[in-house]
Amino acid sequence: MEQWNIWLDRDLWLNVAIVVVATALIYSVLRAVVGTLHKRLMAWSKDQDGSWPHFIAVVVGRTSRVLLLAFSLLLALRLTELPGNWQSALSHTWFVALALQVALWVDTGVRLWSRSLVMKKSGSYNPVMTTIISIMILIVVWSVMLLSILANLGVDITALVASLGVGGIAVALAVQTVLSDVFASLSIGVDKPFEIGDFVVFGEVAGTIEHIGLKTTRIRSLSGEQVVCANADLLKQIVHNYKRMNTRRIVFKFGISYDTPSDKVRQVSEKVGDIIRATPKARFDRAHFLGFDESQLTFEVVYIVQSSDYNQYMDIQQEINLQLLDALRELDVRFALPRRDLRLVGERMPTLEVAGLPQHADTDTDEGTGDQRLPRFS
């Protein structure tokens with residue numbers, strides 16, 4: 001009978017009605033406020049994908065209806081008289097609901113941030129690095145949320161945190177090779193020694209970066225095949241990144257014949273400087289008569305190409321070479337060709353010690369000339 005009397009209690013049903021009505025009203029007001037704020041922010045950030053107003057609008061739109069209903073119920077319960085143990089339970093429920101909603105907002109913000117960076121076409125961001133960072137942030141956010149809820153409910157999380165640490169160390173030791181490549185990929189993304197589309201040279205590999213993955217980097221070589229290199233091994237190499245080269249310093253040599261007079265040698269240096277100065281996108285540095293080589297007078301020329309394009313550099317070098325040919329013809333100066341002079345001295349040939357042949361060889365000479373002929377054996 002006492003149980004039935006409780007259900008027939010007029011004050012109980014009055015409090016229930018108050019809570020239900022207040023919950024409905026508060027929920028309607030909160031939904032209206034959140035919906036209006038979301039629409040205003042979306043209208044303000046229209047055609048501004050990736051901007052902060054757009055981020056805020058999407059995060060506000062991620063507000064959970066279930067959690068809004070829970071907030072409304074918790075607010076409505078404050079309008080009634082509740083026992084002490086109920087008050088303690090409500091305080092824990094407040095914290096759980098608020099922690100879940102904050103975690104949802106942060107989760108949405110992190111996902112939007114990583115997606116916006118991955119979808120950028122500028123190539124300034126490494127998609128793998130962005131994905132790794134976003135996953136790490138989400139793991140931290142949800143782990144902290146779960147541990148804080150358990151701690152608020154009175155659960156001792158010290159042993160749990162210690163066990164997670166020991167388990168993490170064991171997993172790290174088991175997959176240390178994979179983790180080294182993963183952290184190398186993260187280092188590539190943060191430090192940016194190269195990016196997708198860069199032309200790099202390291203060791204015997206020369207090619208364009210096609211993909212920077214979680215464990216490997218793929219390079220399209222000049223000969224056409226794809227070269228796959230582990231991220232950790234790649235960072236141990238000395239990498240030459242030619243995509244970031246703004247200018248090229250070019251050094252080339254050529255030689256002229258030894259019978260060139262000294263005044264024309266001086267003119268050659270001046271002509272080379274005039275040719276390079278007149279060539280577009282080429283800045284003259286120096287041209288010097290370097291030294292005496294075996295069969296030529298060697299010149300060394302240095303100039304700067306105001307471009308990183310290799311094909312453009314080759315066009316400039318070709319134009320300089322062609323104009324240099326014409327200039328040397330005008331000066332009546334010949335390019336040096338490999339030449340070796342052989343001179344015979346008019347001395348008696350040495351004694352020949354060849355089996356089956358006489359021990360002395362006589363030589364004939366042309367009368368009146370003194371020129372020595374080849375040995376004649378008698």
Side-chain angles (χ1 to χ4, degrees), residues 198-208 222-223 238-350 363-376:
D198 288 1
F199 184 85
V200 298
V201 175
F202 63 93
E204 299 179 355
V205 179
T208 304
L222 291 176
S223 54
I238 297 178
V239 180
H240 302 265
N241 192 337
Y242 286 90
K243 182 68 175 293
R244 299 178 184 177
M245 181 174 58
N246 297 322
T247 60
R248 288 177 179 268
R249 183 178 183 270
I250 307 302
V251 180
F252 72 94
K253 297 179 181 180
F254 67 94
I256 60 177
S257 63
Y258 263 98
D259 56 3
T260 306
S262 61
D263 58 338
K264 289 191 176 182
V265 173
R266 297 178 188 275
Q267 294 179 30
V268 169
S269 296
E270 297 174 358
K271 277 290 184 181
V272 172
D274 295 339
I275 290 171
I276 297 177
R277 291 188 188 95
T279 304
K281 292 191 176 182
R283 178 166 58 85
F284 177 70
D285 187 2
R286 62 181 178 85
H288 290 100
F289 170 36
L290 180 62
F292 303 90
D293 285 338
E294 183 177 356
S295 59
Q296 66 179 18
L297 304 177
T298 303
F299 281 81
E300 183 178 70
V301 183
V302 180
Y303 69 97
I304 309 299
V305 178
Q306 306 291 336
S307 173
S308 61
D309 187 3
Y310 185 81
N311 291 333
Q312 193 167 21
Y313 148 63
M314 290 303 298
D315 292 339
I316 292 173
Q317 184 65 55
Q318 176 179 261
E319 183 64 25
I320 292 174
N321 292 339
L322 292 174
Q323 293 190 35
L324 185 58
L325 282 173
D326 295 336
L328 292 185
R329 287 195 181 98
E330 292 177 2
L331 293 174
D332 194 19
V333 173
R334 293 183 295 107
F335 281 102
L337 296 175
R339 187 179 67 179
R340 190 178 295 262
D341 293 336
L342 181 60
R343 298 187 179 184
L344 298 177
V345 180
E347 295 180 355
R348 181 178 178 84
M349 296 295 292
T363 58
D364 292 342
T365 57
D366 291 340
E367 295 181 359
T369 62
D371 292 339
Q372 186 175 8
R373 291 181 178 180
L374 292 176
R376 186 184 61 188

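Values reported hereafter were calculated over all heavy atoms of this structure, with side chains retained and with hydrogens, waters and symmetry mates removed. Just so it is clear, the structure is predicted and the values come from calculations on it, not from any experiment.
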_To the nearest 0.5 Å, what is the distance between CG on Asp332 and CZ on Arg334?_
8.5 Å

*Out of curiosity, Phe299 CZ to His288 NE2, how far, rounded to the nearest 0.5 Å?*
10.5 Å

*asked:* Is the shortest side-chain heavy-atom distance between Thr247 and Tyr313 below 4.5 Å?
replied: no

*Residue Lys264 excluded, over 12 heavy atoms near NZ under 6.0 Å*: yes

*What is the ring orientation for Tyr303 with Phe252, classed by angle as parallel under 30°, tilted 30 to 60°, or perpendicular over 60°?*
perpendicular

_Quick one: does any side-chain atom of Thr260 pair with a main-chain N or O of Ile256 as donor and acceptor, under 3.5 Å?_
no

_Candidate list Ile320, Ile316, Asn321, Leu322, test side-chain contact (heavy atoms from CB on, under 4.5 Å), partner Gln318, passing option_ = Leu322

*Determine, step by step, whether Val301 and Phe254 satisfy the side-chain contact (heavy atoms from CB on, under 4.5 Å) criterion, reporting the C-alpha distance in whole Å, the side-chain angles of both residues, the deciding distance to 0.1 Å, and the verdict.*
CA-CA 8 Å; Val301 183; Phe254 67 94; 3.9 Å; yes

*Gap between atom CG of Leu328 and atom CD of Gln267 - 0.5 Å precision*: 11.0 Å

*For the student: nearest non-hydrogen atoms of Gly255 and Gln296, plus distance*: CA-OE1, 3.4 Å

*Can any side-chain N or O of Asn241 pair as donor or acceptor with the backbone N or O of Lys243 at less than 3.5 Å?*
yes

*Are Val272 and Leu324 side-chain neighbours, meaning at least one heavy-atom pair lies under 4.5 Å?*
yes

_Nearest-0.5 Å distance, OG1 of residue Thr298 to CZ of residue Phe289_ = 7.5 Å

*Do Lys271 and Glu330 have side-chain heavy atoms sitting under 4.5 Å apart?*
yes

_Taking CG in Asp263 as the centre, count heavy atoms belonging to other residues, nucleotides or ligands within less than 6.0 Å. Is the count above 12?_
yes

_With a 4.5 Å cut-off on side-chain heavy atoms, are Leu331 and Val268 touching?_
yes

_Do Glu300 and Val251 have side chains that approach each other closer than 4.5 Å (heavy atoms only, starting at C-beta)?_
yes

*If you measure from CG on Leu297 to OG on Ser257, what distance do you get to the nearest 0.5 Å?*
7.0 Å

*asked:* Are Tyr242 and Thr208 packed together at the side-chain level, in the sense that at least one heavy-atom pair is separated by less than 4.5 angstrom?
replied: no

*With sequence neighbours excluded, what pairs up with Arg266 under the side-chain contact (heavy atoms from CB on, under 4.5 Å) test?*
none

_Lys/Arg N to Asp/Glu carboxylate O, Arg277 vs Asp274, below 4.0 Å_ = yes

*Relative to the ring of Tyr258, is the ring of Phe292 parallel (under 30°), tilted (30 to 60°) or perpendicular (over 60°)?*
parallel

_Less than 4.5 Å apart, side chain to side chain, heavy atoms only: is that true for Asp198 and Arg244?_
yes

*Contact check, side chains of Ile250 and Gln317, non-hydrogen atoms, under 4.5 Å*: yes

_Quick check for you: to the nearest 0.5 Å, what is the distance between Phe199 atom CZ and His240 atom NE2?_
11.5 Å

*Report yes or no: do Gln312 and Ser307 form a side-chain donor-acceptor pair below 3.5 Å?*
yes

